[in-house]
Amino acid sequence: MIKILTIIGSFSGLMYCLYQVSNITQINSWYEIFGFDRFMINLIGIICASLTLLVTFKPNDPLPWHWLLLLAFGVLIIIFSWLIGGLFIIAGAAVGLFDAI
């Protein structure tokens, strides 16, 4: 259950950030249309979602598989990506917490 929620949340956050980046219509006017700050926020969201997917698919190899790490990634995805994706990851972290107790 934890892995399913984490995969759904991180994949949806990744797709949301990629969709936001693909909405750029003119590459030469990022600052006017899209804003470089929004691009950087989406880039950080893509990195957080990718790390969460990496933790899910390869547990304990690059980063440990722990509910506290999932909680941190969930909060980061809420801040930098998509609210619903982060809530799925936080729900997975809550299930992991209840399994640990």
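Sequential numbering from 1 along the given sequence is applied to the chain's residues.
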Which atoms form the tightest heavy-atom contact between [X] and [Y], and what is the distance?
X: W65; Y: T56; result: CZ3-CA, 3.8 Å
X: A49; Y: G13; result: CB-C, 4.3 Å
X: C17; Y: S81; result: SG-OG, 3.3 Å
X: T52; Y: C48; result: OG1-O, 2.8 Å
X: A93; Y: L70; result: CB-CB, 3.9 Å

Calculate, to the nearest 0.5 Å, the distance between atoms [atom1] and [atom2] belonging to [X] and [Y] respectively.
X: S10; Y: K3; atom1: OG; atom2: NZ; result: 12.0 Å
X: L71; Y: I90; atom1: CG; atom2: CD1; result: 5.5 Å
X: I89; Y: I84; atom1: CD1; atom2: CD1; result: 12.5 Å
X: S12; Y: I8; atom1: OG; atom2: CD1; result: 8.0 Å
X: L87; Y: I78; atom1: CG; atom2: CD1; result: 4.5 Å
X: L54; Y: L63; atom1: CG; atom2: CG; result: 6.5 Å

Other residues, nucleotides and ligands only: do more than 12 of their heavy atoms fall within 6.0 Å of CD1 on I4? no

Are side-chain heavy atoms of [X] and [Y] found at a separation under 4.5 Å?
X: F88; Y: T6; answer: no
X: Y16; Y: I77; answer: no
X: L69; Y: V55; answer: yes
X: I7; Y: F57; answer: yes

D61 meets the salt bridge (Lys or Arg N to Asp or Glu O under 4.0 Å) criterion, sequence neighbours left out, with K58

Among N42, I47, I44, which residue satisfies the side chain to side chain contact (heavy atoms under 4.5 Å, CB included) criterion with F80? I44

